[in-house]
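What follows is a single structure, written as structure tokens, with notes after it.
Note: hydrogens, waters and symmetry copies are ignored here, and every other heavy atom, side chains too, is used. Residue numbers count from 1 along this sequence.
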Amino acid sequence: MKGKKPVITTEYAGSDRVEPSPRERVLKAAFAVFRKRGFSGASTLEIATRAKVSKRDLYELFGSKQAMLTACIKERAAGMRQPLELKAPVPANDAAVAATLAEFGTSVLRTASHPDVLTVHRLAIAESDRAPEIARTLDRNGREANHAALTDWLAQAQGLMGAGDPAAMAAQFLAILWGGGLLIQLLLRVREPPSEEEIKSRAQAATRALLALYAPARAVA
């Protein structure tokens, strides 16, 4: 029986549209202003105006501009984890291993290269001295979550690949995927986000490299 097609979602989980609460409106407005003007240049008056709430209501909800930034980043960090969770079954053959790795790599790059995700990283870096817990939350739900998901899946695929430590294999795959300092270049805005063609090419290259490093031993006739 053929295995089911691997499922790796690439968009934030959604639900039926409902009227946003004042808190949701403030967070959406705050993120837009932080993204446009940075933390220091963001005005609570502009945030309140965009959110259609009074400044009094805004401070009752969050207390400070710093608290708004923390809530914005934590909310988006939590949303970054789900799209990158591997929900694939145990691979049935070599082709299934390669297909799932390539799809996972594509999902990682596509999500991490999104302008909103890059903005979250820049804001977390800018505030890491004053609020290090923000950066830790982002790292747990981004880099660490990707590594853990891939490690768990590679452990299931061991019979179809050469022997190796799944955690080390996952680290190697992600390092090859981001090769050339891509993430740093994106955060510094010294290059444009990768095209869909480049994303797929990088994912396929990382897949080929990992499978070459951990090729299964062949029985000697």
For residues [X] and [Y], determine if any side-chain heavy atom of one lies less than 4.5 Å from a side-chain heavy atom of the other.
| X | Y | value |
| --- | --- | --- |
| Arg35 | Leu123 | no |
| Leu101 | Leu154 | yes |
| Ile134 | Gln66 | yes |
| His114 | Thr111 | no |
| Phe31 | Ile47 | no |

Lys52 atom NZ, over 12 foreign heavy atoms within 6.0 Å: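 No, not enclosed.
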Crowding at CD, Glu196 (>12 non-hydrogen neighbours, <6.0 Å):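 Enclosed.
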same_hphob_cluster(Leu118, Ile125) at 4.5 Å side-chain heavy-atom cutoff: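 Yes, one cluster joins them.
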Path from Leu160 to Leu213 over hydrophobic side-chain contacts below 4.5 Å: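 As far as the 4.5 Å side-chain criterion goes, Leu213 and Leu160 are connected within one cluster.
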Candidate pair Arg50 and Lys28, rule side chain to side chain contact (heavy atoms under 4.5 Å, CB included), full reasoning: CA-CA 9 Å; Arg50 279 176 174 255; Lys28 182 178 180 180; over 6 Å; no
Could you pull out the closest heavy-atom pair between [X] and [Y], with the gap in Å?
| X | Y | value |
| --- | --- | --- |
| Ala124 | Leu138 | CB-CD2, 3.7 Å |
| Ala96 | Asn93 | N-OD1, 2.8 Å |
| Thr151 | Ala170 | OG1-CB, 3.4 Å |
| Leu27 | Ala71 | CD2-CB, 3.6 Å |
| Ala30 | Met68 | CB-SD, 4.3 Å |
| Thr44 | Tyr59 | CG2-OH, 3.2 Å |

Between Ser107 and Arg110, a side-chain donor and acceptor under 3.5 Å: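 There is no such pair (donor and acceptor under 3.5 Å, judged by atom type) between the side chains of Ser107 and Arg110.
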Non-neighbouring partners of Asp152 that pass side chain to side chain contact (heavy atoms under 4.5 Å, CB included), sequence neighbours left out: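 Partners of Asp152 by the side chain to side chain contact (heavy atoms under 4.5 Å, CB included) criterion come out as none, since no residue qualifies.
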According to side-chain hydrogen bond (donor to acceptor under 3.5 Å, both in side chains), who are the partners of [X], at least two apart in sequence or on a separate chain?
| X | result |
| --- | --- |
| Arg122 | none |
| Arg130 | Glu127 |
| Arg23 | none |

Nearest 0.5 angstrom please: [X] [atom1] to [Y] [atom2], how far?
| X | Y | atom1 | atom2 | result |
| --- | --- | --- | --- | --- |
| Glu46 | Thr49 | CD | OG1 | 7.5 Å |
| Phe62 | Thr70 | CZ | OG1 | 10.0 Å |
| Gln204 | Ile199 | CD | CD1 | 12.0 Å |
| Glu24 | Glu75 | CD | CD | 7.5 Å |
| Thr207 | Phe104 | OG1 | CZ | 10.5 Å |

Ala102 backbone acceptor or donor facing Thr106 side chain under 3.5 Å: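 Between the backbone of Ala102 and the side chain of Thr106 there is a qualifying donor-acceptor contact (under 3.5 Å).
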Donor-acceptor pair, side chain of Arg25 and main chain of Ala51, under 3.5 angstrom: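 Answer holds: yes.
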Per-pair distances, 0.1 Å, donor-acceptor, side chain in residues 171-193, under 3.5 Å, sequence neighbours excluded:
| residue | atom | partner | partner atom | Å |
| --- | --- | --- | --- | --- |
| Gln172 | OE1 | Tyr214 | OH | 2.5 |
| Arg191 | NH1 | Glu198 | OE2 | 3.2 |
| Arg191 | NH2 | Glu198 | OE1 | 2.8 |

Taking distance alone, no hydrogens or angles, what donor-acceptor pairs closer than 3.5 Å link side-chain atoms of residues 161-169 to residues at least two apart or in another chain?
| residue | atom | partner | partner atom | Å |
| --- | --- | --- | --- | --- |
| Asp165 | OD1 | Ala167 | N | 3.4 |
| Asp165 | OD2 | Ala168 | N | 3.4 |

